[in-house]
Every structure is written in C-alpha cells, then in structure tokens.
Amino acid sequence: MSLRDKLARLDTSSPREMEEGNPGEEWIAQIEHELQIRTIRDKRSFFLLKENSYPVFTDSAVLALQEEGFELGKLHHLCPEIDNQSINLRDAIFIDTETTGLSGGTGTYAFLVGIGHIELDHIVVRQYLLPDFPSEWLMLEHLESIFQGFKYTVSFNGKAFDLPLLKTRYVLNRQESILEDMLHVDVLHAARRLWKQRLPACDLQSLARHILDVHRIEDVPGDLIPQLYFEFMRKRQAFLLRNVLEHNFHDIVNMVLITARMGRICAEPFTELTEADDLYSYARYLYKNGRFSEAMAVSDHLTAQFGTGNRWFSRARYLSAMSMKKLGDKSASKRELQQLFDRNVFHPTVVEELAKVLEHQDKDYELALSVVDGGLSWLGDIRQLSPRSPLLKYIAPLKHRRSRLERKKTTAAAKDNGPRKA
C-alpha cells in the first residue's frame with residue numbers, strides 16, 4: 001500500500017485539542033521515545049530537536065579534503081558567488097527546510113529546519129521540528145545561536161526558496177538574523193553546470209543515486225510532506241513524521257557529500273571527472289566565466305582521453321580554439337579551426353570563426369568564401385533533413401557574411417588590376 005493510500009485511510013477524527021502552551025507530558029514523552037527526539041522549552045513555548053551524526057570516513061572526497069584541512073581552494077570555479085576566495089568546509093552550515101507549502105510567502109512556515117556541518121570524520125545533523133506555529137520564535141532563536149558560529153550557508157535550491165523563507169520568518173517574528181550577512185552557496189546551480197548533460201535530472205535524489213551511489217529506499221515524496229505535517233498537527237501521531245525526518249536527514253548528508261565532491265573536482269578535475277560529458281560541461285562553464293587557460297586544459301584532456309570518436313570531440317576542440325584566441329594565440333586558434341574544418345566539421349560556429357580569421361587576419365577572401373560556402377551547403381542538407389532545426393538560424397548571418405566577402409573580393413581585385421603609375 002502506498003503512503004498516499006495510508007494517509008487516505010487514517011481516521012479523520014481529531015484528538016482533543018491540547019491546552020495552548022501545555023502540550024501534555026504524556027504526549028511529549030511518547031514523541032520523544034518514538035522519534036528519538038528531545039524537547040526544548042522556554043516559558044510556554046517549546047520545539048523538538050533531533051541530533052544525529054553520519055560517518056564519512058569511507059568517503060574518498062571527504063578524506064582527501066580532510067588531509068587539506070577541509071579547505072576548498074577552487075570551489076569558486078563552479079560557484080562564482082564565492083568570488084575567487086577559498087572557503088573552509090568546516091565554516092559552512094548546510095540548511096534544508098521542510099515547509100507547509102511550496103509557494104512561499106508570509107503564510108508558509110518552515111516546520112522542520114535541518115542543519116548540518118562537518119566535524120573530522122562525521123557530519124553532525126540537527127533537526128528543529130516545530131510542533132505548533134506559536135512556538136516558531138523559540139525555534140528561530142535557537143537556530144540563530146547556531147548560525148552565529150559559521151561563516152557560510154550552503155543549500156540545494158535554497159537561494160530561491162529556503163533562505164528567503166527563513167529570512168521572512170525572522171522578519172515576521174521581529175527577530176534579527178545573521179543570515180542576511182552570511183555568504184550563501186547554492187550547490188544546485190553548480191550541480192547543473194557539471195552534470196546536466198549526463199544525468200536525467202539534477203535533483204538531490206538523482207545526484208545521490210548517480211554521483212554518490214546512494215540509493216534511498218521508500219523515501220517519502222516531497223509533495224506529500226506538507227500533508228503529513230498537517231496530519232501530525234491534527235492527530236499528534238509521531239509516526240507520521242518519522243519518514244519526513246529521515247528524508248530531511250539524508251538531504252543534509254548528501255548535500256555535504258556533493259559539496260565535498262565538487263570541491264575535489266575543482267581541485268583535481270582530471271582525476272575526479274571520468275565521464276566525457278562532465279569534462280565538457282566543466283570546460284564549457286570555465287570558458288563562459290573567463291577561465292580560458294583552465295578551460296583549454298580540460299578540453300585538451302577530454303580529447304586526449306576519449307579520442308576523435310567521442311561525441312564531444314569537435315566541441316572540445318572548438319572550445320580550445322576559442323580559449324587560444326582569448327589568450328592571444330591567434331595562429332594556434334586558426335590552426336585548430338582549420339583542422340576541424342578539414343575534418344568536415346561544418347557547424348556554423350566553426351565556419352564563422354574560421355571565416356573571420358581568414359577575412360580579417362589573412363585578408364584571404366577567396367578562402368574565406370569557400371569556408372562560408374561549405375557551411376551554407378551543410379546547412380542546406382540540414383534543412384532538407386530537419387526543416388525546423390535551430391541551426392537554420394545561422395543561414396541568414398552566413399549569407400550576409402558571404403555577400404560582404406564577395407564585395408571585398410571584388411574591391412581587392414579592382415585595386416590589384418587598376419592603373420599603375422609609370
């Protein structure tokens with residue numbers, strides 16, 4: 001029976017409401033026992049805190065970082081928000097929330113806030129569970145005392161959801177928070193930059209399965225979590241949240257492990273990246289962010305490692321050619337482009353770049369015309385095979401370039417054949 005069916009069969013009767021501020025010692029003892037959780041009280045408010053740890057002494061990335069003092073010296077290659085600085089993994093607090101809805105706004109509460117940090121050979125995870133909305137202020141106060149001990153926050157899609165939500169909750173409770181000033185790293189975007197080409201999805205569960213080789217069995221679906229929480233508030237049945245706590249715990253742990261893996265990839269891309277798709281994605285992102293030397297090195301490694309038969313070979317060589325151009329080595333760039341063209345790579349970007357070099361650098365309009373004609377002929381074949389191909393958008397620019405080359409060729413010939421002085 002699925003979890004949805006089990007929820008549907010729950011008795012719809014509601015237990016006697018608890019007196020505000022007095023949850024009932026019997027119920028507290030029961031939930032503490034069933035969830036292995038403890039109660040934090042202040043005045044008439046309380047929340048629940050579960051503390052656990054996860055050993056990571058078998059994780060190769062964490063062990064390698066441990067030898068370096070957990071310093072992530074090159075993570076900024078994937079996470080530009082770090083702004084070229086080195087960060088230490090021990091200074092980062094990892095945050096994942098479970099909420100009463102996914103729409104955000106002032107009516108959405110973070111009823112479970114999971115935070116984690118790394119200590120030597122294990123990950124410490126604390127989970128703050130809100131049993132009733134009026135006690136939110138106390139939970140946020142305790143969380144703030146933890147945040148004060150760290151320099152960075154790390155999340156998975158938290159830039160768009162978790163962090164803005166928590167900041168809003170602090171504002172609505174008239175509490176100040178250091179979250180406003182802490183540097184935040186969202187590893188979802190970095191994950192997409194690395195693995196989007198190869199993986200069917202880049203959600204945390206997919207990354208755990210394909211990158212960490214961690215397979216979660218009977219994990220609670222995320223869209224059911226708000227419903228489970230409201231059932232818990234209505235019935236006060238602790239078992240309803242057992243799987244939610246487990247889900248949140250593994251999200252925190254996997255987030256730490258994925259971040260550690262990314263740190264190792266940035267430091268040692270040639271040994272850590274073994275898939276051509278990932279190498280190309282990384283090289284392409286480095287190029288887009290102006291790291292031309294690193295982009296060229298990764299592209300060269302890809303083509304040397306996987307050879308001409310790999311589907312990324314032509315694109316990797318083009319990336320190397322463009323990196324050479326950006327670094328000022330125009331002759332090497334031209335050589336790479338010419339080799340691609342000689343391999344019958346007529347992609348419009350290759351054709352256009354090679355034609356530019358021949359036109360502006362070599363003034364060889366005849367050869368530039370033959371390159372453009374090769375590209376237009378290839379696009380003509382593409383149009384017959386796939387009339388809606390996005391590549392067809394290059395036809396007009398190449399035709400425009402061809403017309404200009406014809407004019408320049410005619411002008412140059414006229415000068416050469418014009419009257420000469422005696």
Compare all side-chain heavy atoms of [X] with those of [Y] and state whether any distance is below 4.5 angstrom.
X: Leu273; Y: Ile265; result: yes
X: Leu129; Y: Leu49; result: no
X: Arg38; Y: Glu51; result: yes
X: Gln85; Y: Leu183; result: yes
X: Arg242; Y: Leu35; result: yes
X: Val214; Y: Arg209; result: no

If we ignore hydrogens and angles and just use 3.5 Å, is the side chain of [X] paired with the main-chain N or O of [Y] as donor and acceptor?
X: Thr303; Y: Ser299; result: yes
X: Thr271; Y: Glu268; result: yes
X: Ser403; Y: Lys399; result: yes
X: Gln36; Y: His33; result: yes
X: Asp59; Y: Ala61; result: yes
X: Asn248; Y: Val244; result: no
X: Ser206; Y: Cys202; result: no
X: Asp364; Y: Leu367; result: yes
X: Gln127; Y: Leu245; result: yes

With sequence neighbours excluded, give me every ring-ring contact (aromatic ring centres under 6.0 Å, His included) pair touching [range].
range: residues 292-316; result: Phe270-His301, Tyr280-Trp312, Tyr287-Phe292
range: residues 204-232; result: Phe111-Tyr229
range: residues 117-148; result: Phe47-Tyr128, Phe47-His142, Tyr109-Phe133, His117-Phe150
range: residues 50-82; result: none

Let me confirm one number: the [atom1]-[atom2] distance from [X] to [Y], rounded to the nearest 0.5 Å.
X: Leu302; Y: Arg317; atom1: CG; atom2: CZ; value: 9.5 Å
X: Leu166; Y: Leu143; atom1: CG; atom2: CG; value: 7.5 Å
X: Arg126; Y: Phe249; atom1: CZ; atom2: CZ; value: 13.0 Å
X: Leu319; Y: Met324; atom1: CG; atom2: CE; value: 10.5 Å
X: Leu354; Y: Leu340; atom1: CG; atom2: CG; value: 9.0 Å

Can you find a side-chain donor-acceptor pair between [X] and [Y] that sits under 3.5 Å?
X: Glu71; Y: Ser86; value: yes
X: Gln66; Y: Asp121; value: no
X: Glu34; Y: Gln30; value: yes

Report all side-chain donor-acceptor pairs from residues 251-263 shorter than 3.5 Å, counting only partners two or more places apart or in another chain.
unit_1: Asp251; atom_1: OD1; unit_2: Gln205; atom_2: NE2; d: 3.2
unit_1: Asp251; atom_1: OD1; unit_2: Arg216; atom_2: NH1; d: 2.9
unit_1: Asp251; atom_1: OD1; unit_2: Arg216; atom_2: NH2; d: 3.3
unit_1: Asp251; atom_1: OD2; unit_2: His247; atom_2: NE2; d: 3.1
unit_1: Asn254; atom_1: ND2; unit_2: His250; atom_2: O; d: 3.1
unit_1: Thr259; atom_1: OG1; unit_2: Met255; atom_2: O; d: 2.8
unit_1: Arg261; atom_1: NH1; unit_2: Ile211; atom_2: O; d: 3.2

Search all heavy atoms of [X] against all heavy atoms of [Y] and return the closest pair with its distance.
X: Leu179; Y: Lys167; result: O-CE, 3.6 Å
X: Asp162; Y: Asn157; result: OD1-O, 3.8 Å
X: Glu136; Y: Asn173; result: OE1-ND2, 2.9 Å
X: Pro226; Y: Thr99; result: CG-O, 3.5 Å
X: Gly69; Y: Asn88; result: O-ND2, 2.8 Å
X: Ser333; Y: Ala321; result: OG-O, 2.8 Å

Could I get the full list of salt bridge (Lys or Arg N to Asp or Glu O under 4.0 Å) partners for [X], not counting sequence neighbours?
X: Lys334; answer: Asp362
X: Glu294; answer: none
X: Arg335; answer: none
X: Asp329; answer: none

- Applied to residues 339-360, the side-chain hydrogen bond (donor to acceptor under 3.5 Å, both in side chains) test, sequence neighbours excluded, yields Lys325-Glu353, Gln338-Asp342, His347-Thr349, Glu359-Arg401, Glu359-Arg404, Glu359-Lys408
- Task: Please list all pairs passing the side-chain hydrogen bond (donor to acceptor under 3.5 Å, both in side chains) test where one or both residues lie in residues 365-381, with sequence neighbours left out.
- Result: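 Sorted result for residues 365-381: Glu366-Lys409, Asp373-Arg402.
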- Between Val154 and Ile93, does a side chain to side chain contact (heavy atoms under 4.5 Å, CB included) hold up when you go through it step by step? CA-CA 6 Å; Val154 183; Ile93 188 80; over 6 Å; no
- Message: If the condition is ring pair (Phe, Tyr, Trp, His ring centres under 6.0 Å), which residues does Phe341 pass it with, not counting sequence neighbours?
- Response: Phe346
- Task: For Ser155 and Leu163, run side chain to side chain contact (heavy atoms under 4.5 Å, CB included): C-alpha distance rounded to whole Å, both residues' side-chain angles, the deciding distance at 0.1 Å, then the answer.
- Result: CA-CA 8 Å; Ser155 72; Leu163 268 294; 4.3 Å; yes
- Within a reach of under 6.0 Å around CD of Glu176, are more than 12 heavy atoms found that belong to other residues, nucleotides or ligands?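 Atom CD in Glu176 is not packed in, count stays at 12 or less.
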- Query: Should we say atom NZ of Lys50 is surrounded by more than 12 heavy atoms from elsewhere, each under 6.0 Å from it?
  - Reply: yes
